[in-house]
Amino acid sequence: GAVVSQHPSWVICKSGTSVKIECRSLDFQATTMFWYRQFPKQSLMLMATSNEGSKATYEQGVEKDKFLINHASLTLSTLTVTSAHPEDSSFYICSARDLGLAGVLDEQFFGPGTRLTVL
Amino acid sequence: QQQVKQSPQSLIVQKGGISIINCAYENTAFDYFPWYQQFPGKGPALLIAIRPDVSEKKEGRFTISFNKSAKQFSLHIMDSQPGDSATYFCAASMGGGFKTIFGAGTRLFVKA
């Protein structure tokens, strides 16, 4: 099956620093990747849609200058949390759609998530 | 109109019993309805999905029932096992790479 990895799986940083999270599709190409944020015992909140070679589309209320997304290749998208603060502490999850199955299978494949703790 | 409403919020079932989780949607443009299972500290994993042209889909112990006219769909877990204890999310999306809308989630606990 299609595999999506995330790195790191957890990170602790000091307030004011920036943190980069990588999302990779390991065995398929993905023109579209999604970034979600999940608070404890809550649902997934879509932050942005990342399209290879173009600017990300952010959901309403998500600060694009704070959450920088880059989708430089068909297998890699990165989320950078800039000037992180304690309120940014959360579980960040990415997902990807298989380019080869677009229009045939709408399944999203999710990464294992990254736990960010900002002190 | 973009919401997917999920119930119950939590569910306790005896081992061997049937777990039932319900979802409802408003947007008739949705054409793909997946269910995801998530364990603590892990990303969601697709369990089973259905399109509105069928009323039921079964994969092993998991069955989706879909009622297009009522705009409702449900997940049935037969012979529930303690290992099924997790959070389950229903979702809905439109084809072509559109974003997926998730329900609020149901925390299932299966008692041994």
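Side-chain atoms are counted along with the backbone in the values below, which use heavy atoms only and exclude waters and symmetry mates. A note on names: the letters A, B, ... follow the listed sequences, proteins ahead of strands, and every chain is numbered from 1. Quantities reported herein were computed from a predicted structural model and do not represent experimental measurements.
Side-chain atoms of B/Gln38 and A/Ile93, non-hydrogen and from C-beta on, do get closer than 4.5 Å to each other. Taking 4.5 Å as the limit, some side-chain heavy atom of B/Thr100 sits within range of a side-chain heavy atom of A/Arg97.
The heavy-atom pair separating A/Gln38 from B/Phe89 by the smallest distance is NE2-CZ, 3.6 Å.
Within a 6.0 Å sphere centred on NZ of B/Lys111, heavy atoms belonging to other residues, nucleotides or ligands number 12 at most. Crowding of A/His85 atom NE2: a count of heavy atoms from other residues, nucleotides or ligands under 6.0 Å exceeding 12. Atom CD of A/Glu87 sits in a crowded spot, with more than 12 heavy atoms from other residues, nucleotides or ligands closer than 6.0 Å.
A continuous path of ILVMFWY side-chain contacts below 4.5 Å connects B/Val4 to B/Ile50, so both sit in one hydrophobic cluster. Residues A/Val62 and A/Val19 share a hydrophobic cluster, clusters being chains of Ile/Leu/Val/Met/Phe/Trp/Tyr side chains in contact below 4.5 Å. B/Ile20 and B/Leu47 sit in two unconnected hydrophobic clusters of ILVMFWY residues. Membership requires side-chain heavy atoms under 4.5 Å apart, directly or through other members. Taking hydrophobic clusters as Ile, Leu, Val, Met, Phe, Trp and Tyr residues chained together by side-chain heavy-atom distances below 4.5 Å, B/Leu108 shares a cluster with B/Ile48.
Atom CZ in A/Phe109 sits 8.0 Å away from atom CG in B/Leu46 (nearest 0.5 Å). Note that OG1 of B/Thr87 and CG of A/Leu44 are 10.5 Å apart. Values are rounded to the nearest 0.5 Å. For the atom pair NZ of A/Lys41 and CD of B/Gln9, the computed distance is 10.0 Å after rounding to the nearest 0.5 Å.
Proximity of a side-chain donor or acceptor of A/Ser43 to a complementary backbone N or O of B/Gly105 within less than 3.5 Å is not detected.
Looking at B/Pro34, neither its backbone nor its side chain comes within 4.5 Å of chain A, counting heavy atoms on both sides. Both the backbone and the side chain of B/Phe102 have a heavy atom closer than 4.5 Å to some heavy atom of chain A. Neither the backbone nor the side chain of A/Gln6 comes within contact range of chain B, judged by heavy atoms closer than 4.5 Å.
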